[in-house]
**Student:** 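Input: one structure, supplied below.
Read the numbers this way: they start at 1 and go in the same order the structure lists the ligands and their atoms.
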Amino acid sequence: MQNDFVQLKQKEFAELKEYIDSVKNVQGILMQTLQKAQDIFGYLPLEVQKFISDETNIPLADIYGVVTFYTQFTIEEKGKHTIGVCLGTACYVKGSQEIIDKIADELDVKVGQTTEDKLFTLEATRCLGCCGLAPVMVVDEDVYGKVDSKKVPEIIAKYRN
Ligand code: FES
């Protein structure tokens, strides 16, 4: 019997199958296939990993290993907005942990989690390459530099509507 997720996402699974069929005879397509699947579904739950395993004959354990190894892949459904706080050295010494704690408190989530209303996902990131702006936080594509933890509620409020 199919579970709810598979029932609900029939269109997405059909699109993924079409992609897999188009690259079936190409070697080393796992990374591209996972990326494509993540583009389609937004994340890679076990049902999607199983489907890829069945369609490609790549063992599920291998797929799971790749998905959990590379940070570009996510198993959890993400919120509408992703908040990233840099924990690179420059940001860390300028207090980015305090910013993370403030956001976690404000949203009632831990790092890596998504709020219950699926609006925000909180992530810690590595150096974002703009250390001069430390401490840095990003919301989706928007970069905030020299962030003061007191400003966190104001920044988050912009994305609530
Ligand atoms: S350490 Fe945060 S941007 Fe480089």
**Student:** Below 4.0 Å from ligand 1: does a non-hydrogen atom of Cys130 turn up there or not?
**Tutor:**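 Per 4.0 Å heavy-atom rule, Cys130 contacts ligand 1.
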**Student:** Could you tell me whether any N, O or S atom belonging to Cys86 is less than 2.8 Å from atom 4 (Fe) of ligand 1?
**Tutor:**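 No N, O or S atom of Cys86 is closer than 2.8 Å to atom 4 (Fe) of ligand 1, so no.
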**Student:** Do the two ring centres, one from Tyr43 and one from Phe73, sit under 6.0 Å apart?
**Tutor:**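 Tyr43 vs Phe73: aromatic centres not under 6.0 Å.
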**Student:** Only heavy atoms of Gly88, strictly under 4.0 Å: list the atoms of ligand 1 that pass.
**Tutor:**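 What qualifies from ligand 1 is 1 (S).
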**Student:** Enumerate the atoms of ligand 1 whose separation from the nearest heavy atom of Ala90 is less than 4.0 angstrom.
**Tutor:**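 The list of qualifying atoms is 1 (S).
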**Student:** Quick one: look up the protein heavy atom nearest atom 3 (S) of ligand 1 and list residue, atom name and how far away it is.
**Tutor:**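 Here the nearest protein heavy atom works out to Leu128 N, 3.4 Å.
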**Student:** Less than 4.0 Å between a side-chain N and a carboxylate O, is that true for Lys50 and Asp54?
**Tutor:**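 Looking at Asp54 and Lys50, the cut-off is not met.
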**Student:** Distance from Leu119 atom CG to Arg160 atom CZ, nearest 0.5 Å?
**Tutor:**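 Going from the CG atom of Leu119 to the CZ atom of Arg160 covers 6.5 Å.
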**Student:** Using 30° and 60° as the class limits, which term best fits the ring planes of Phe5 and Phe13: parallel, tilted or perpendicular?
**Tutor:**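 Ring orientation of Phe5 relative to Phe13: perpendicular.
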**Student:** Measuring from atom CD1 of Ile99 to atom OH of Tyr92, what distance do you get when rounded to the nearest 0.5 angstrom?
**Tutor:**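 Going from the CD1 atom of Ile99 to the OH atom of Tyr92 covers 12.0 Å.
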**Student:** Between Gln38 and Gln72 (side chain of the first, backbone of the second, donor and acceptor by atom type, cut-off under 3.5 Å), is there such a pair?
**Tutor:**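 Yes; at least one donor-acceptor contact below 3.5 Å.
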**Student:** By number and element, which atoms of ligand 1 are closer than 4.0 Å to a non-hydrogen atom of Cys127?
**Tutor:**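 Close to Cys127: 1 (S), 3 (S), 4 (Fe).
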**Student:** Which atoms from ligand 1 have a heavy atom of Cys131 less than 4.0 Å away?
**Tutor:**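 Answer, ordered by atom number: 1 (S), 3 (S), 4 (Fe).
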